[in-house]
S.K.: 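There's a structure below that I have some questions on.
Quick caveat: nothing in here was measured; it's all calculated off a predicted structure.
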Amino acid sequence: MKGYDDVLPGLAETITTQFIRESEHRRSEEKLDSEAMRLELKAARSAFTRAQWFVLTLGVLTLTIAGILAYKGAYGWASGFGLPSLVAVATALLTSVRKGKGS
């Protein structure tokens, strides 16, 4: 750095100051980027959780309807409601288990 001051007095200090400012700016930008990524991940998890609750609620509702239909003797209608509901709930639960392991 002494060589820079020989060429132009104060140049070494100017270069050092500029380097420090650039480093601080880069760190602040990286911090903003990581915060934005964290918020995106949080929003995605929240949307996934809402979807899981929706599927579970819908599944329980349709299984209840299937149970009522079976109780009334409409076995064809009950299986028409019940089987897809079981598949949907099982799929939702398996998806949530896999998501949980991948996080």
S.K.: How would you list, by chain and number, every residue that makes a side chain to side chain donor-acceptor pair (under 3.5 Å) with E30, sequence neighbours excluded?
M.R.: none
S.K.: Connecting only ILVMFWY residues whose side-chain heavy atoms lie within less than 4.5 Å of each other, what is the rest of L58's hydrophobic cluster?
M.R.: F54
S.K.: Going by side chain to side chain contact (heavy atoms under 4.5 Å, CB included), name the residues that satisfy it together with L11, two or more places apart in sequence or in a different chain.
M.R.: Y4, L8, I15
S.K.: List, one per line, each side-chain donor-acceptor pair under 3.5 Å for residues 67-79, sequence neighbours excluded.
M.R.:
| residue | atom | partner | partner atom | Å |
| --- | --- | --- | --- | --- |
| S79 | OG | Y75 | O | 3.3 |
| S79 | OG | G76 | O | 2.9 |

S.K.: Less than 3.5 Å apart, which donor and acceptor atoms pair up between the side chains of residues 16-24 and the rest of the protein, not counting sequence neighbours?
M.R.:
| residue | atom | partner | partner atom | Å |
| --- | --- | --- | --- | --- |
| T16 | OG1 | A12 | O | 2.8 |
| T17 | OG1 | E13 | O | 2.8 |
| S23 | OG | F19 | O | 3.0 |

S.K.: Let me have the donor-acceptor pairs involving side chains of residues 81-88, under 3.5 Å, with sequence neighbours excluded, atom names and distances please.
M.R.:
| residue | atom | partner | partner atom | Å |
| --- | --- | --- | --- | --- |
| S85 | OG | T62 | OG1 | 2.3 |
| S85 | OG | F81 | O | 2.7 |

S.K.: List the residues meeting side chain to side chain donor-acceptor pair (under 3.5 Å) with R27, not counting sequence neighbours, and say none if there are none.
M.R.: none
S.K.: The criterion is side chain to side chain donor-acceptor pair (under 3.5 Å); which residues satisfy it with S46, sequence neighbours excluded?
M.R.: R50
S.K.: Under the side chain to side chain contact (heavy atoms under 4.5 Å, CB included) rule, collect the residues that match up with E29, sequence neighbours excluded.
M.R.: H25, L32
